[in-house]
Every structure is written in structure tokens, then in C-alpha cells.
Amino acid sequence: MTRQLRSARTRHALIRSAAQSFDQLGYAQAKLATISAGAGVSTGALHFHFETKAAVAAAVEAEASRALCTLSQSVQRKNSQALQALIDATHVLARLLRQDVVVRAGFQLNCGALQRPELDLRRQWMDCVREMLGQAEAQGAVEPGSSLDGLAAMIVGVTVGFEVLARDDASWLSHESIAGLWRTLLPRLAATDTLGRWEPSGATVLTGGEGAGPAQAGERAIPTPQPQPQL
């Protein structure tokens, strides 16, 4: 193994170990000695890559940002229908927040920063959502006259809220919770003549094979809205 490859693997291991510490203990309580031990290296090796704990935290946030970019690009490559791609993106983000400690810790660190960081993951997510809504409008999938900024703010507000609530109860980020969210939102934002096209449970290929079946034990399901009477 080359020195460059060993260095890259050590850095990756340190970022993951740091994310685990931040996720479990919070930034203030996480110790560099614990982070280095979790990566199987000395504190000297840690300081070779990162001068301070803040630098390690910034690297965790940067990895979460890259994952968010990859998510957006992936769903848009796999589905040319922008509204379905947006639905899929929320499912993939929820899965990443459940399963990937680096993404989860990155959001917690970034969104809980006392000083506004240069990297803003919530704004990045907002930009992704707004872009896909704009594409969906151009495709005729959004109800005419809708405020795209308002829709984007609503979607981001709910999904970020789920991320915060899931810190105490992971079921907020369950597959069924996100599907239930879209069962509630779609009748209010999708063009009426397109409602039958969209799958609230997301595309199976993007959600790791998770189906649209009933919620598992302990999962929080959002009730499916009942049809509104015509006035």
C-alpha cells in the first residue's frame, strides 16, 4: 500500500470515528484521544491530518455536504421526472441520516453551530429542493400558481424537523414516515392531472429495496389524508 493511500485511509477512519463520537457525545464532550483511538491511530497521527477538534468537525460536515451533492445528482440521473426525483431524494436523505453516521453527525454539527458556518447544509438542501421543484414546474407537474419558494420552505422545514426529532426517536426518519409525508403533500402541490404518476414511497432502486408496505413495529406513520369534499 502506498503512503498516499495509507494517509487517505487514516483520514477517512478519523472522520468516521469523529462522527461516531460527535453523534454519541456531542461536540463539546467528544475528545481527540477517543477519536484517534476509535480510528486505531495515535493522537500524533490525528494531528498530522487535523490541527484541532474544530478542523475534524469541519471535515465531517464537508463529507455530509458531498453526500448531499451525490444524492441530488443520483436521483436526477435515475428519474427524469423532477417531482418523483424530489420524492426519492427525501427518502434517500432520510436513509442516509438513519444509516450513515457521518451524514447524521455532519447535519447535527452544522445545524447546531453557535456561529454561522461557511458551509450551510440546510441552505444546500433548500437549494436542491428548489431546483427540483423548478424543474417539476417546467414539466407541468406542479399545481399552477403555486409558490415554489413556499413549497421548498415547507418541504425543507418538515424534513429538517424530522431530522431533529429523530435524534430522540429514529422512527421519524422511517421509510413510512417519509412516504406518509408525501401522501399528505402531493394532493396539495402536484398538478391535479398528474397525481396518479407519483409514488410517495419513492423508487425502490433508490431506497435500498424498501417497499411501500405497512409501517414496521415502532415506526411512526403519518396518516394518509382523506379526500376533501367538493364545494
Side-chain angles (χ1 to χ4, degrees), residues 1-76 89-131 152-153 155-170 172-173 208:
M1 185 187 303
T2 66
R3 179 179 299 180
Q4 185 177 11
L5 182 56
R6 282 198 303 272
S7 178
R9 288 188 175 182
T10 298
R11 190 177 190 279
H12 175 77
L14 285 166
I15 290 172
R16 180 155 292 275
S17 178
Q20 291 169 341
S21 291
F22 295 142
D23 184 50
Q24 294 169 6
L25 304 173
Y27 178 81
Q29 297 300 318
K31 305 297 183 186
L32 290 179
T34 304
I35 293 171
S36 59
V41 301
S42 67
T43 53
L46 183 150
H47 284 295
F48 175 81
H49 291 276
F50 305 105
E51 292 186 1
T52 64
K53 183 165 67 172
V56 188
V60 173
E61 293 176 67
E63 285 295 322
S65 175
R66 279 190 282 273
L68 198 52
C69 287
T70 300
L71 177 163
S72 176
Q73 294 166 1
S74 176
V75 296
Q76 292 184 75
T90 60
H91 279 284
V92 178
L93 177 60
R95 188 183 68 189
L96 286 173
L97 289 167
R98 291 196 313 268
Q99 299 178 357
D100 190 323
V101 70
V102 175
V103 174
R104 185 166 62 248
F107 265 81
Q108 291 175 7
L109 289 165
N110 189 256
C111 299
L114 294 178
Q115 295 182 339
R116 201 65 185 160
E118 184 175 325
L119 177 66
D120 188 338
L121 293 177
R122 286 176 176 171
R123 171 53 59 183
Q124 184 179 344
W125 174 230
M126 171 71 88
D127 290 343
C128 289
V129 172
R130 181 61 177 79
E131 178 186 0
I155 294 166
V156 171
V158 174
T159 52
V160 169
F162 279 15
E163 183 269 325
V164 174
L165 291 166
R167 298 176 193 179
D168 295 319
D169 180 357
W172 282 101
L173 288 173

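Any value given below was found using the heavy atoms of this structure, including those in side chains, with hydrogens, waters and symmetry copies removed.
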S65 (side chain) donor-acceptor with E61 (main chain) under 3.5 angstrom: no
For residues R122 and C111, determine if any side-chain heavy atom of one lies less than 4.5 Å from a side-chain heavy atom of the other. yes
What distance do L109 atom CG and Y27 atom OH have between them, rounded to the nearest 0.5 Å? 8.5 Å
Full working for side chain to side chain contact (heavy atoms under 4.5 Å, CB included) between E163 and W172: CA-CA 7 Å; E163 183 269 325; W172 282 101; over 6 Å; no
To the nearest 0.5 Å, how far apart are CG in L96 and NE2 in H91? 13.0 Å
Quick one: do the S72 and Q76 side chains pair a donor with an acceptor below 3.5 Å? yes
Would you say D23's side chain and R104's backbone share a donor-acceptor pair under 3.5 angstrom? no
Does the side chain of V56 reach to within under 4.5 Å of the side chain of L14, using non-hydrogen atoms? no
Flag side-chain contact, heavy atom, 4.5 Å: F50 against R11: yes
Please test L32 against H47 for side chain to side chain contact (heavy atoms under 4.5 Å, CB included), starting from the C-alpha separation and ending with a verdict. CA-CA 9 Å; L32 290 179; H47 284 295; 3.8 Å; yes
Please round to the nearest 0.5 Å and tell me the distance separating atom CD1 of I155 and atom OG1 of T159. 8.0 Å
Nearest heavy-atom pair of V60 and V102: which atoms, and what distance? CG1-O, 3.7 Å
So I35 and F22, do their side chains get closer than 4.5 Å, heavy atoms only? yes
Looking only at heavy atoms, which two atoms of A64 and G106 are closest? And how far apart? CB-CA, 3.9 Å
On a heavy-atom basis, which atom in Q124 and which in C69 lie closest, and how many Å separate them? NE2-SG, 3.3 Å
Backbone of A170 reached by a side-chain donor or acceptor of R98 within 3.5 Å: no
Check whether any side-chain N or O of S36 sits under 3.5 Å from a backbone N or O of A33 as a donor-acceptor pair, and report yes or no. yes
Indicate the atoms forming the closest heavy-atom contact of S17 with T34, along with that distance. OG-O, 4.0 Å
Please determine whether side chain to side chain contact (heavy atoms under 4.5 Å, CB included) holds for the pair R16 and D100, giving the CA-CA distance in whole Å, both sets of side-chain angles, and the decisive distance to 0.1 Å. CA-CA 9 Å; R16 180 155 292 275; D100 190 323; 3.6 Å; yes
Hey, does W125 have a side-chain heavy atom less than 4.5 Å from the side chain of T90? yes
Are the side chains of Q24 and Q29 in touch, meaning some heavy atoms are under 4.5 Å apart? no
Which pair of non-hydrogen atoms, one from S21 and one from A30, has the smallest distance, and what is that distance? CB-CB, 4.0 Å
Looking at R66, is its backbone amide N or carbonyl O close enough to the side chain of T70 to form a donor-acceptor pair, meaning the two atoms are under 3.5 Å apart? yes
Are there more than 12 heavy atoms of other residues, nucleotides or ligands under 6.0 Å from atom CZ of R6? yes
Looking only at non-hydrogen atoms, find the nearest pair between K53 and A28 and report the distance. NZ-O, 3.4 Å
D127 vs R123, side chain to side chain contact (heavy atoms under 4.5 Å, CB included): CA-CA, chis, key distance, verdict: CA-CA 6 Å; D127 290 343; R123 171 53 59 183; 3.5 Å; yes
Is any side-chain heavy atom of L25 less than 4.5 Å from a side-chain heavy atom of K31? no
Would you say V164 and F107 make side-chain contact, with heavy atoms under 4.5 Å? no
Neighbour count above 12 (heavy atom, 6.0 Å) for R9 CZ: no
